[in-house]
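In what follows, a single structure is set out as C-alpha cells and then discussed.
In what follows, every chain begins at residue 1, and chains take the letters A, B, ... in the order their sequences are listed. Note that the coordinates shown come from a computational prediction; the quantities given were computed from them, not determined experimentally.
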Amino acid sequence: MKIQLYNTLSRKLETFTPISGNEVKIYSCGPTVYNYAHIGNLRTFIFVDILRRIMDYSGYEVSHVMNITDVGHLSGDDDSGEDKMLKSSRESGKTVWDIAQYYTEAFFRDTDSLNIIRPHTACRATEHIQEMIDLIRKLEEKGHTYTAGGNVYFSIDTFPEYGKMAGLKLDDLQSGARIKIDSSKKNPKDFVLWFTNSKFENQVMIWDSPWGKGYPGWHIECSAMSMKYFGSHFDIHCGGTDLINIHHTNEIAQSEAATGNKWVNYWLHGEFLIDESGKMSKSKGDSLTLSYLVERGYDPLDYRYFCLGAHYRSQLQFSFNALDAAKNARLNLKERIRLIKEKCDKQPSLSEGSISDSGKNYLNVFNEHIGKDLNISRGLADLWQIVKDMLLSDQEKLFLLTKMDSVFGLSLLNTEKEDFGDITQEIELLINERVDARTEQNFSRADEIRDILQKMGIEIKDTPAGTTWRKKV
RNA sequence: GGCGCCGUACCCAAGUGGUAAGGGAGAGGUCUGCAAAACCUUUAUGCACCGGUUCGAAUCCGGUCGGCGCCUCCA
C-alpha cells in the first residue's frame with residue numbers, strides 16, 4: 001500500500017519510504033506534565049495515533065517513541081519567566097515530582113480512553129539527563145556552544161542551515177516582538193542547552209553537569225532521547241504545528257550539528273483545534289479537558305469521532321454543537337453495525353480470500369484515501385458507504401468494518417454494553433409492565449410508562465422482535 | 001512588521017483543473033395502536049467577493065474583504 005505524507009521539510013506530498021526495510025521509527029512530541037491536557041492537545045495525539053495505526057495497517061513494523069516533558073520550563077525567553085512545574089507545585093502544595101507523576105497518569109488515562117495506542121517507549125526527560133549532557137558535550141566539542149551568564153547556549157551562527165524547515169529568513173524575524181530578548185545571547189535566536197544557578201527557590205529539579213548544577217533547556221530532550229532509542233537517523237517526527245518554528249527548528253539544528261548527518265526524513269505537524277475565541281491554550285487557565293466532556297455526558301470516543309471528521313492539517317472548529325453531531329453519528333453508526341453483527345451471528349466469518357470484487361474495491365478505495373496523507377475523514381465516508389450498501393452481504397460488511405476500524409480505533413464492533421447501559425431492575429419491571437399493557441391494548445398506561453422512562457433518559461424501541469431500549473442520546 | 005494557513009449548504013467538514021464525499025440537523029415516506037427507533041428518499045446550477053487564464057475553475061493567477069496561527073512557553 002502506497003503512503004504519501006505531507007512533509008513539512010519540503011512542504012510537499014512525498015511517497016513514504018522507510019530507511020530500513022519494513023521498519024518505521026516514529027518519534028512524537030509528548031505532553032508537558034504540569035497540568036491536564038486539554039482537548040486541543042489531545043487532537044494532536046489522535047492524529048499521531050492515526051498515523052501509527054495506518055502504518056500498522058499497511059504492514060509496517062512500527063516503533064513509536066514519545067517523550068514526557070517532566071522538567072519544568074520557563075515561560076519566557078530571558079530567564080525571567082516562571083518555571084511552570086514550580087508554579088504548579090506552589091499552587092497545589094505538591095512536590096514537582098508528584099505533579100509530574102500525577103499529570104502523567106492523567107494524560108495516559110485520557111489517551112487510553114480515546115483508544116490512543118500507547119507508544120512502545122514513553123520516556124521521561126528527567127530520566128535522560130545524562131544523555132542530554134552527553135549531547136551538549138558533543139556540541140561543545142564541535143564548537144557549537146558558548147557559555148554566558150551562567151547558561152550554555154547553542155550558537156545558531158555555527159549551523160548555516162538553521163531554520164531551513166520553517167523557512168525562516170533570519171533577518172526578517174522580529175525576535176523580541178512579544179518578549180524581551182535574553183541579553184546574554186550572541187544571536188537572538190540562540191537557545192539555551194543548559195541552565196545553571198537556578199534563581200528559583202526550592203528548585204529541586206537540578207542535576208550535576210560539567211557546567212555546574214542546573215537543568216536542561218527545553219529542546220535538547222527530544223534530540224537526546226530520540227537518538228538514544230532510534231540512533232542518529234530515523235523516519236518520522238511529529239507534533240503540533242506550533243512546534244515548527246522554534247522547537248523543531250532548534251532540535252534539527254542541535255541534532256544535525258552534533259551528528260553531521262540528516263536526522264529525520266519526514267516531519268508531520270498536526271493543526272490546532274480552535275474554538276470561537278481562537279486556539280486553546282493551557283495559559284488561558286480554565287481549558288476544556290476530556291473529563292469535562294465526560295462530565296457533560298459525552299463518551300471520549302465521541303471526541304475521537306469528531307476529530308476524525310477533519311483532516312489533521314486543517315484547523316478544526318470545536319463547539320458542543322459539532323460534538324453533538326459527532327456523538328449522534330457515532331451512535332447511529334454503532335447501532336447499524338450492531339444490527340449487521342446480529343444478522344451474521346450464526347454464520348461463519350469470512351476470510352480475506354473470499355471477498356467479492358465489490359468488497360475488494362471498497363478496500364482499495366479506502367487504502368487509497370487513507371494512504372493519501374492520512375485522509376481519515378474520507379475513509380470514514382467510505383465506511384459509511386459500506387454500512388449502507390444494500391448489495392454487500394452482512395458478513396462481508398463485518399469483515400471490512402473490522403479491518404477498517406483497526407485504523408479508526410473507534411471500537412465500532414464493541415456494540416454490546418457501552419451504549420446500552422446496565423439493565424436496572426426498575427427499568428426492566430416498567431418495560432415488562434408496558435409490554436403487558438400493550439398486549440391488553442391498554443395504550444394509555446403504555447404511553448404513561450413510556451413517558452416515565454423518557455424522563456429517566458431511557459428510549460423505548462418497539463421492534464417486531466420485541467421491545468428494546470437504550471439510553472437516550 | 002515578517003511568515004504561513006483558511007473562507008464549501010442551517011452546523012461540522014472532504015474534495016486542489018473535469019462538473020460538489022460523509023456526518024449531524026431539518027423535511028417527506030415506510031413501519032407503528034400512537035410514538036420512538038430503524039430503514040428509504042430528500043436538502044449547495046453552488047464553493048467569501050471581483051477580475052483573469054482555460055474547451056472546462058471550489059480547485060490555477062491577480063486583487064478585495066473576513067477569520068486563524070506562528071515569529072514567548074505551547075499540541
request  = Report, as a single string ordered 5' to 3', how protein heavy atoms within less than 4.0 Å touch nucleotides 14-22 of chain B: B base, S sugar-phosphate only, - not at all.
outcome  = SSS----BS
remark   = Once base and sugar-phosphate atoms are separated, protein heavy atoms under 4.0 Å mark nucleotides 25-36 of chain B, 5' to 3', with B, S and - as S-------BBBB
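Scanning for salt bridge (charged side-chain N to carboxylate O under 4.0 Å, His left out) contacts around R438(A) gives D462(A), with sequence neighbours left out. For S113(A), the side-chain contact (heavy atoms from CB on, under 4.5 Å) partners two or more places apart in sequence, or in a different chain, are L290(A), P300(A). When the side-chain contact (heavy atoms from CB on, under 4.5 Å) test is applied to L13(A), the partners found at least two apart in sequence or on another chain are Q4(A), Y6(A), K372(A), D373(A).
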request  = Mind running salt bridge (Lys or Arg N to Asp or Glu O under 4.0 Å) on R52(A) and D49(A) for me, showing each step along the way?
outcome  = CA-CA 5 Å; R52(A) 170 163 171 195; D49(A) 187 54; 6.0 Å; no
ask   = What's the verdict on ring pair (Phe, Tyr, Trp, His ring centres under 6.0 Å) for F234(A) and W263(A), showing C-alpha distance, side-chain angles and the deciding distance?
value = CA-CA 7 Å; F234(A) 59 96; W263(A) 183 41; 5.6 Å; yes
request  = List the steps, then state whether ring pair (Phe, Tyr, Trp, His ring centres under 6.0 Å) holds for F16(A) with Y266(A).
outcome  = CA-CA 8 Å; F16(A) 176 73; Y266(A) 302 88; 5.1 Å; yes
task = Show the numbers, then the answer: is there a side-chain contact (heavy atoms from CB on, under 4.5 Å) between T111(A) and L42(A)?
result = CA-CA 7 Å; T111(A) 57; L42(A) 293 170; 4.2 Å; yes
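Atom P of G29(B) sits at a distance of 26 Å from the matching atom of C11(B), rounded to the whole Å. Between G26(B) and G1(B), the two C1' atoms lie 48 Å apart (nearest whole Å). Between A57(B) and U8(B), the two C1' atoms lie 14 Å apart (nearest whole Å). Using P as the reference atom, A13(B) and G7(B) are 10 Å apart when rounded to the nearest Å. Between G17(B) and C55(B), the distance separating the two C1' atoms is 12 Å to the nearest Å. If you take atom C1' in A58(B) and the same atom in A48(B), they sit 11 Å apart, rounded to whole Å. Comparing the C1' positions of C5(B) and U19(B) gives an interatomic distance of 27 Å, to the nearest angstrom. A14(B) and G23(B) have their P atoms separated by 15 Å, with the value rounded to a whole Å.
Between the CG atom of N245(A) and the P atom of C5(B) there is a distance of 13 Å, given to the nearest Å. Atom-to-atom, CZ of F318(A) to P of C68(B) comes out at 18 Å; the value is rounded to the nearest Å.
Side-chain contact, S28(A) with H237(A): no donor N or O sits under 3.5 Å from an acceptor N or O. With no hydrogens or angles considered, a side-chain donor-acceptor pair links Y162(A) and N250(A) at under 3.5 Å. Between the side chains of D324(A) and Y298(A), at least one donor N or O sits under 3.5 Å from an acceptor N or O.
Contact annotation: R313(A) side-chain N/O to C6(B) OP1/OP2 distance is not under 4.0 Å. For A75(B), one of the phosphate oxygens OP1 or OP2 lies less than 4.0 angstrom from a side-chain nitrogen or oxygen of T32(A).
For the pair R11(A) and F306(A), nearest-nucleotide mapping onto RNA chain B gives the more 5' position to R11(A).
Between M1(A) and Y57(A), some side-chain heavy-atom pair lies under the 4.5 Å cut-off. Between I337(A) and K397(A) there is no side-chain heavy-atom pair separated by less than 4.5 Å.
RNA chain B contains the following stems of three or more consecutive Watson-Crick or G-U pairs, with both distances under 3.5 Å: B:1-7 with B:65-71, B:10-12 with B:22-24, B:26-30 with B:38-42, B:48-52 with B:60-64.
Comparing A75(B), U72(B), C39(B) by their closest approach to the side chain of I246(A) singles out U72(B).
Looking at heavy-atom distances under 4.0 Å, L273(A) makes contact with a base. Looking at heavy-atom distances under 4.0 Å, L383(A) makes no contact with the nucleic acid at all.
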